[in-house]
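Presented below is the structure to which this report refers.
Just so it is clear, the values below take in all heavy atoms, side chains as well, and ignore hydrogens, waters and symmetry mates. Just so you know, residue 1 is the first one in the sequence shown, and it goes up from there.
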Amino acid sequence: MTPLDQTRKASQQAAPGDIGSGDTSKAGSQDIASRLLAWYDAHHRDLPWRVAPGAFARGARADPYRVWLSEVMLQQTTVEAVKAYFRNFVEKWPTVEALAAAPAEDVMKAWAGLGYYSRARNLKACADLVALRGGRFPDTEAGLRELPGIGAYTAAAIAAIAFERPAAVVDGNVERVVTRLRSIETPLSEAKPQIRALVEKLVPRTRPGDFAQATMDLGATICTPKRPRCMLCPVREDCSAVLSGDPEHFPVRPPKDDKPLRKGAAFVAERDDGAILLRKRPNKGLLGGMTEVPTTSWTARIDGATTAEAAPFPADWRRAGRIGHVFTHFALELEIFHAQIEGDAPAGHFWSLAHEISGEALPTVMKKVIEAAIPGATKTQRPQ
């Protein structure tokens with residue numbers, strides 16, 4: 001056993017009452033919660049969907065619609081990427097009833113580029129259902145989980161932040177904080193029930209929503225994956241990973257498997273007026289309901305053809321480069337072909353005018369494809 005391993009073992013076998021030993025006493029939990037909340041009061045992030053602690057103390061409460069919308073957007077997406085999308089959505093659709101009344105195609109267009117497009121389809125389905133119920137979200141985890149697209153984490157987050165329920169909110173930031181606090185050596189994929197149980201012990205009866213946001217902010221700004229700023233942490237005295245001297249060791253993760261690489265081709269057909277030929281993908285499956293240029297039949301499991309001969313119709317196709325894109329479970333490499341054509345759009349396709357391209361429901365991979373063939377085409381343009 002190395003000296004570092006000996007230190008870790010000692011930190012895990014500390015005296016009863018030390019949170020590093022797995023202490024679950026309410027006194028210890030309340031002390032950690034109170035220090036986290038005090039830190040949050042002074043150092044919270046200013047986010048467009050959040051009620052700041054000062055406003056909360058004066059009686060302001062979070063809007064369940066805004067909490068729900070932000071939490072769905074934040075799944076698998078960074079805070080910085082979400083801010084602009086969130087502001088755009090609440091400007092277009094300030095209430096859940098307004099979102100329910102919007103055409104699905106408009107919602108998909110507004111979501112384009114945010115990724116994980118099943119979230120957008122579930123977002124619309126959930127808004128439709130909540131609107132039918134008078135625009136009121138359920139105020140319990142169990143009730144929230146009955147809605148489309150709301151899983152355990154999202155239900156807990158909405159229940160805590162919007163309705164002050166003492167729910168255990170566990171995202172990636174919280175997992176990192178807790179595994180370091182307790183020096184949890186179990187691989188993260190297996191440790192999730194243990195982590196949730198520990199968070200349940202820490203949640204205070206008062207301000208559970210602020211506690212959830214405080215823990216997430218701590219993980220995002222102080223207890224970061226690399227080079228955590230432990231000297232600024234409000235609970236460093238109770239953190240056994242600090243005692244071990246190796247907080248970056250946690251959370252423990254198994255080696256990552258290499259993602260399979262799939263290949264295919266994409267075809268960017270352009271009219272003389274700059275319009276681009278597009279089509280809509282099936283509503284179900286990868287990138288469901290989004291807009292694309294014609295491509296060959298690649299999927300997460302099989303390659304598609306990669307040559308100009310596989311084009312959906314004859315034209316003077318010229319190679320315009322190659323792009324790569326990484327999905328959750330696989331990587332994709334597409335050969336890009338470009339051609340100038342005229343006439344009516346083939347069946348199942350439509351022409352999008354140059355000034356309309358930026359507003360289409362194009363996923364990021366398709367924006368890469370079009371940009372490779374026609375640089376600047378997907379950027380916002382004014383009507384001519």
Please test Lys124 against Asp128 for salt bridge (Lys or Arg N to Asp or Glu O under 4.0 Å), starting from the C-alpha separation and ending with a verdict. CA-CA 6 Å; Lys124 184 65 168 67; Asp128 293 346; 2.9 Å; yes
Quick one: NE2 on His43 to OG1 on Thr221, what's the gap to the nearest 0.5 Å? 9.0 Å
Could you tell me whether the side chain of Ser352 and the main chain of Ile276 form a donor-acceptor pair under 3.5 Å? no
Could you go through the side chain to side chain contact (heavy atoms under 4.5 Å, CB included) check for Val293 and Phe267 one step at a time? CA-CA 6 Å; Val293 300; Phe267 302 91; 5.9 Å; no
Evaluate the side-chain proximity of Trp317 to Glu309: yes if any heavy-atom separation is below 4.5 Å, no if none is. no
With side chains defined as the heavy atoms from C-beta onward, is the minimum distance between His249 and Glu185 less than 4.5 Å? yes
Have Thr291 and Glu360 got a donor and an acceptor in their side chains that come within less than 3.5 Å? no
4.5 Å side-chain heavy-atom contact, His44 and Pro53: yes
Distance alone, cut at 3.5 Å: any donor-acceptor contact between the side chains of Thr78 and Glu80? no
Out of curiosity, Asp257 CG to Lys259 NZ, how far, rounded to the nearest 0.5 Å? 11.0 Å
Check whether any side-chain heavy atom of Ser358 lies under 4.5 Å from a side-chain heavy atom of Thr378, and answer yes or no. no
Aromatic Trp298 / basic Arg281 pairing, under 6.0 angstrom, 45° off normal: yes
For the CD atom of Glu356 and the NZ atom of Lys109, what is their distance to the nearest 0.5 Å? 7.5 Å
Just checking Asp273: does its CG atom have more than 12 heavy atoms from other residues, nucleotides or ligands closer to it than 6.0 angstrom? yes
With rounding to the nearest 0.5 angstrom, report the CH2 to CG distance, Trp111 to Asn88. 12.0 Å
Note, Arg182 side chain near Gln194 side chain (heavy atom, < 4.5 Å): no
Would one find more than 12 heavy atoms of other residues, nucleotides or ligands at under 6.0 Å from atom CD of Glu91? no
Heavy-atom check, side chain of Leu362 versus side chain of Ile357, under 4.5 Å: yes
Whether Ser70 side chain and Val67 backbone form a donor-acceptor pair below 3.5 Å: yes
Would you say Gln75 and Arg119 are linked by a side-chain donor-acceptor pair, where the criterion is simply a distance under 3.5 Å? no
Pair Glu141 + Arg145: basic N to acidic O under 4.0 Å: no
SB check Arg66 Asp63 (cutoff 4.0 Å): no
Applying side chain to side chain contact (heavy atoms under 4.5 Å, CB included) between Trp68 and each of Leu147, Leu123, Leu144, report the one that passes. Leu123
Does Glu292 use its side chain to pair, donor to acceptor, with the backbone of Arg279 at less than 3.5 Å? no
Can you establish whether the number of heavy atoms outside Lys92 located under 6.0 Å from its atom NZ is more than 12? no
Can you run down the salt bridge (charged side-chain N to carboxylate O under 4.0 Å, His left out) pairs that involve residues 148-171, sequence neighbours left out, and say none if there aren't any? Asp139-Arg165
Asn122 side chain reached by Val72 side chain, heavy atoms, under 4.5 Å: no
What distance separates Ser240 OG from Phe250 CZ, expressed to the nearest 0.5 Å? 6.5 Å
NZ or CZ of Arg61 within 45° of Phe56 ring axis and under 6.0 Å: yes
Side-chain contact, heavy-atom cut-off 4.5 Å: Thr179 with Val252? no
dist Met73:CE -> Tyr116:OH (nearest 0.5 Å) comes out at 16.0 Å
Count the heavy atoms of every other residue, nucleotide or ligand shown that sit under 6.0 Å from NZ of Lys83, and state whether that count exceeds 12. yes
Test your reading of the model: is there a side-chain donor-acceptor pair from Arg196 to the backbone of Val170, 3.5 Å cut-off? no
Surrounding CZ of Arg318 (heavy atoms of other residues, nucleotides or ligands, distance under 6.0 Å), is the total greater than 12? no
From CA spacing to verdict: side chain to side chain contact (heavy atoms under 4.5 Å, CB included), Lys368, Ile336: CA-CA 10 Å; Lys368 290 181 180 180; Ile336 314 302; over 6 Å; no
Check the pair Asp272, Glu342 against side chain to side chain contact (heavy atoms under 4.5 Å, CB included), reporting the backbone distance first and the verdict last. CA-CA 7 Å; Asp272 285 346; Glu342 292 300 323; 3.0 Å; yes
Please tell me whether Glu71 and Thr154 have a donor and an acceptor in their side chains that are separated by less than 3.5 angstrom. no
Does Arg121 use its side chain to pair, donor to acceptor, with the backbone of Gly288 at less than 3.5 Å? yes
Can a salt bridge be assigned to the pair Arg35 and Asp31 using a cut-off of 4.0 Å between side-chain N and carboxylate O? yes
Taking the six-membered ring for Trp, is the centroid-to-centroid distance between Phe327 and His329 below 6.0 Å? no
Flag, side chain of Thr296 to backbone of Gly304, donor-acceptor distance under 3.5 Å: no
What's the verdict on side-chain hydrogen bond (donor to acceptor under 3.5 Å, both in side chains) for Glu270 and His338, showing C-alpha distance, side-chain angles and the deciding distance? CA-CA 8 Å; Glu270 182 184 10; His338 179 218; 2.8 Å; yes
